[in-house]
Each structure stands twice: as C-alpha cells, then as structure tokens.
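Presented below is the structure to which this report refers.
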Amino acid sequence: MDLKGRSFLTLLDFSKEEIKYLLTLSETLKDQKRKGIAHRYLENKNVVLLFQKDSTRTRCAFEAGAYDLGMGVTYLGPSGSQMGKKESIKDTARVLGRMYEGIQFRGYKHDDVESLSEHAGVPVWNGLTDMYHPTQVLADFLTIQETFGYLEGINFTYVGDARNNMGNSLMVGAAKLGLNFTAVAPKALWPEGSLIEHCEAIASETGAKISFTEDKMEGTKGADVIYTDVWVSMGEAKEVWQQRLEQLNDYQVDRAMMENAGNTSIFMHCLPAFHGTDTEVGAQIAKEFAKKYPRVQNGEMEVTNDVIESNQSKVFEEAENRMHTIKAVMLATMHGPIN
Ligand code: CP
Ligand code: NVA
C-alpha cells in the first residue's frame, strides 16, 4: 500500500483497504512506542502545523508524533502568521511547500484545506475544518477495534449535533468500513442530504447501514458505541447556545441511555467535553441556563459526569490514539511503505 504524496483531507478520498492499512500502521507504531523501539523514519524532514482554531490533542499529536518520527516542527497559531490576513491560502501554500515536507491545517472552510493541498506540492493533512475531522475518526476506529476486536458490523450510535465535523466524518468512516451508523438528533441537526446520499452509496458496497432517528431510546438500544460531541463547535457564535440547548438538552448522554445500550457498550467523545463547572464555558452556561434547562445545572452538557468518568468510557484511549494514528498518516504520506 503506497500512499506517498497523498493529502489526507477527508476519508471520502480513501478506500476501505487504505484506511485499514493506516489503522494497521498505527498499531505497529503504537507497539514500537510502547516498547521503546525508535522509529525515526522521517529524519531530516520538517512539517508545519497551521492552526486557525485552538487545539490541545491535534497539535500535540502532530508535534509529539513528528518528533518521534525524527522530524522538526513549526507551529503557527491563530495569530502570528500572515495567512488569511495579508496573504492568501494559495500563496501560503506555495511558500510553505518549498520549506516543509508536510503541512497540517486546522481551520474553518474546507475549501481552504483543499486549496492548500492543491498548491503546496507536499502532503496536506486536515486537522479539522467546519466540515470534517478525519484524523479523529482514525483514532476512534482504532479504539473501537482495540475494544471489540473488529469494526465491521459494530452498532455505532452518534448522539447530538450530527451535522457538525464529527457527525459528518464518523458517518463517512462508518460507511467506508462497514459499521452500522445511527444518528440520534432532532431532524434539523442531521447531516446534509447530499452527504447522506453519498454515504448510502458507499454503504451499499460495504454492507454498512446508515439510519437516523429523533427517538433517543430507539436509536441507542443495543448500541455497541455511544458517541457524542459538543453541542456548539469552534467558530459558531455564542448566541447559538440558546437554540442548541433547546434542541439537544434532552439528548444528553446519561446513565439511562448507556443502560439502554447495554452493559458491554462503550462511551466515546472526541474531547474536549463539557461535564462539569470546572471550565469557563461550562460554568458560564450552567449559570445562565440552569433554570430553563436543569440538566445543565452542574455544567454537564452533552454527557453527564458519571458516564464520562465510568468504566465504559474510552475517551482517554481515543485521545492517546490520536498520536499513534496521526503518526501513521504522516509516515504513510511522506515516506510510503516501511518494511
Ligand atoms: N479532539 C480534538 O481534535 O481535540 P483538540 O481540539 O484539542 O485538538
Ligand atoms: N465539533 C467540535 C470538534 C472538536 C474536536 C468542534 O469543531 O469544535
């Protein structure tokens, strides 16, 4: 499997075999890391990480991963570079492509990461756009595979804002790899019709089933995985909170939902998650909205604290797997096959 020179913008661009190859490579790199075996396959190369939005996991996964692979790293944050302000994405791509062997981009418009990839002449990796977050899905699927031993036929239920970058990307990933994907959300928050149609066409070849329901008990019954994400994503206006609470407060992942799924089910979340008042936003939303929406009174929003802290929760395994899977993406696209 040779992915050298390819960008990684959405899982739609990769076949089932290519995605499985990346997961297998991630396992190899994880094993080497655990055993302390050096794997500096990319010495003398450098990567640049462009972030228009904040990050903990994605930035650190790329940085630590690049160091492990023997590379140098430059981080450019939401302020401090010319990109987008005084210099177009296209010009930025042509400059950075001459200095670095790979570029990570986290931003708003998916078009921007496509434009970077078109003009940079080196692999570009999507570290999250408003539309997709594909490196997260690799980490999530590695975690599911480690837990259950397989991916095909897993009943995967996504609860919450199903038309955000995570809802979209998980639906694409499930369709590609043959997981049964159910989105549980008010209809207004289901993914775009054209993306659903595209995924259904993929699913008809892989055997995946894709379904949607507003009924949270029906949609979570017997699920192997219950996945949720924040109700308001980066880049959305503060004013959206009121509407999203109205739409989603009844879809909070709680103990009753996990029991409905069954005691072998796992809970997943890409993080960061709101499950207490120990964050600025969590405390503020709790204060402002507790009266009208009692579920959020303790800063618990998309998931209750008891669920995320339970033995069924895999959130920190997912977070760790960001690094192993991102290393696999960099290695496969910059180096090609390893022996
Ligand atoms: N899950 C994820 O992408 O986290 P960060 O925003 O911290 O990178
Ligand atoms: N949907 C979230 C994902 C964060 C990793 C956001 O875009 O903010």
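Whatever order the structure lists them in is the order used to number ligands and atoms, beginning at 1.
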*Please confirm whether R59 comes within less than 3.5 Å of ligand 1 when only nitrogen or oxygen atoms on both sides are compared.*
no
*Mark up the atoms of ligand 1 that fall under 4.0 Å of a heavy atom belonging to R57, in ascending order.*
1 (N), 2 (C), 4 (O), 5 (P), 7 (O), 8 (O)
*asked:* Does ligand 1 come near enough to C270 that some N or O of the ligand is less than 3.5 Å from an N or O of the residue?
replied: yes
*Is it possible for you to check whether K53 lies under 6.0 Å from the centre of the six-membered ring of Y108, through NZ or CZ, and within 45° of that ring's axis?*
yes
_Minimal non-hydrogen separation, V95 against E87, with atom names_ = CG2-OE2, 4.1 Å
*asked:* How far is atom 7 (O) of ligand 1 from the closest protein heavy atom, and which atom is that?
replied: T56 N, 2.7 Å
_Sequence neighbours excluded - salt bridge (Lys or Arg N to Asp or Glu O under 4.0 Å) pairs with any residue from residues 220-232_ = none
*Is R322 close enough and on-axis enough to F62, meaning under 6.0 Å and within 45°, for cation-pi?*
no
*Kindly indicate whether a cation-pi arrangement holds for R59 with Y75, taking the cut-offs as under 6.0 Å to the six-membered ring centre and within 45° of the axis.*
yes
*Answer side chain, backbone, both or neither: which part of L128 comes under 4.0 Å from ligand 1, heavy atoms only.*
neither
*Please confirm whether the backbone N or O of G77 pairs with a side-chain atom of S81, one donor and one acceptor, at under 3.5 Å?*
no
*asked:* Suppose we measure from atom 6 (O) of ligand 1 to each protein heavy atom; which comes out shortest, and what is that distance?
replied: R106 NH1, 2.8 Å
*T304: partners by side-chain hydrogen bond (donor to acceptor under 3.5 Å, both in side chains), with sequence neighbours left out*: D306
*Can you list the steps and then say if E246 with Y293 is a side chain to side chain donor-acceptor pair (under 3.5 Å)?*
CA-CA 8 Å; E246 185 64 34; Y293 306 105; 2.5 Å; yes
*Go through ligand 1 atom by atom and flag the ones less than 4.0 Å from a non-hydrogen atom of H133.*
2 (C), 3 (O)
*asked:* For R106 and Q52: C-alpha separation, side-chain torsions, deciding distance, then whether side chain to side chain donor-acceptor pair (under 3.5 Å) applies.
replied: CA-CA 6 Å; R106 166 172 287 198; Q52 292 179 332; over 6 Å; no
*Using a strict 4.0 Å cut-off to heavy atoms of R322, name the atoms of ligand 1 that fall inside it.*
1 (N), 2 (C), 3 (O)
Run through all N or O atoms in ligand 2 and write down each protein N or O closer than 3.5 Å, as a pair with its distance.
{"unit_1": "ligand 2", "atom_1": "1 (N)", "unit_2": "N165", "atom_2": "OD1", "d": "2.8"}
{"unit_1": "ligand 2", "atom_1": "1 (N)", "unit_2": "D229", "atom_2": "OD2", "d": "2.6"}
{"unit_1": "ligand 2", "atom_1": "1 (N)", "unit_2": "S233", "atom_2": "OG", "d": "2.7"}
{"unit_1": "ligand 2", "atom_1": "7 (O)", "unit_2": "N165", "atom_2": "ND2", "d": "2.9"}
{"unit_1": "ligand 2", "atom_1": "8 (O)", "unit_2": "M234", "atom_2": "N", "d": "2.8"}

Taking only distance into account, with no hydrogens and no angle test, what donor-acceptor pairs under 3.5 Å do side-chain atoms of residues 253-261 form with protein atoms, sequence neighbours excluded?
{"unit_1": "D254", "atom_1": "OD1", "unit_2": "A256", "atom_2": "N", "d": "3.4"}
{"unit_1": "D254", "atom_1": "OD1", "unit_2": "M257", "atom_2": "N", "d": "3.0"}
{"unit_1": "D254", "atom_1": "OD2", "unit_2": "R295", "atom_2": "NH1", "d": "3.3"}
{"unit_1": "D254", "atom_1": "OD2", "unit_2": "R295", "atom_2": "NH2", "d": "3.4"}
{"unit_1": "R255", "atom_1": "NH1", "unit_2": "Q312", "atom_2": "OE1", "d": "3.3"}
{"unit_1": "N260", "atom_1": "ND2", "unit_2": "M217", "atom_2": "O", "d": "2.7"}
{"unit_1": "N260", "atom_1": "ND2", "unit_2": "T220", "atom_2": "OG1", "d": "2.8"}

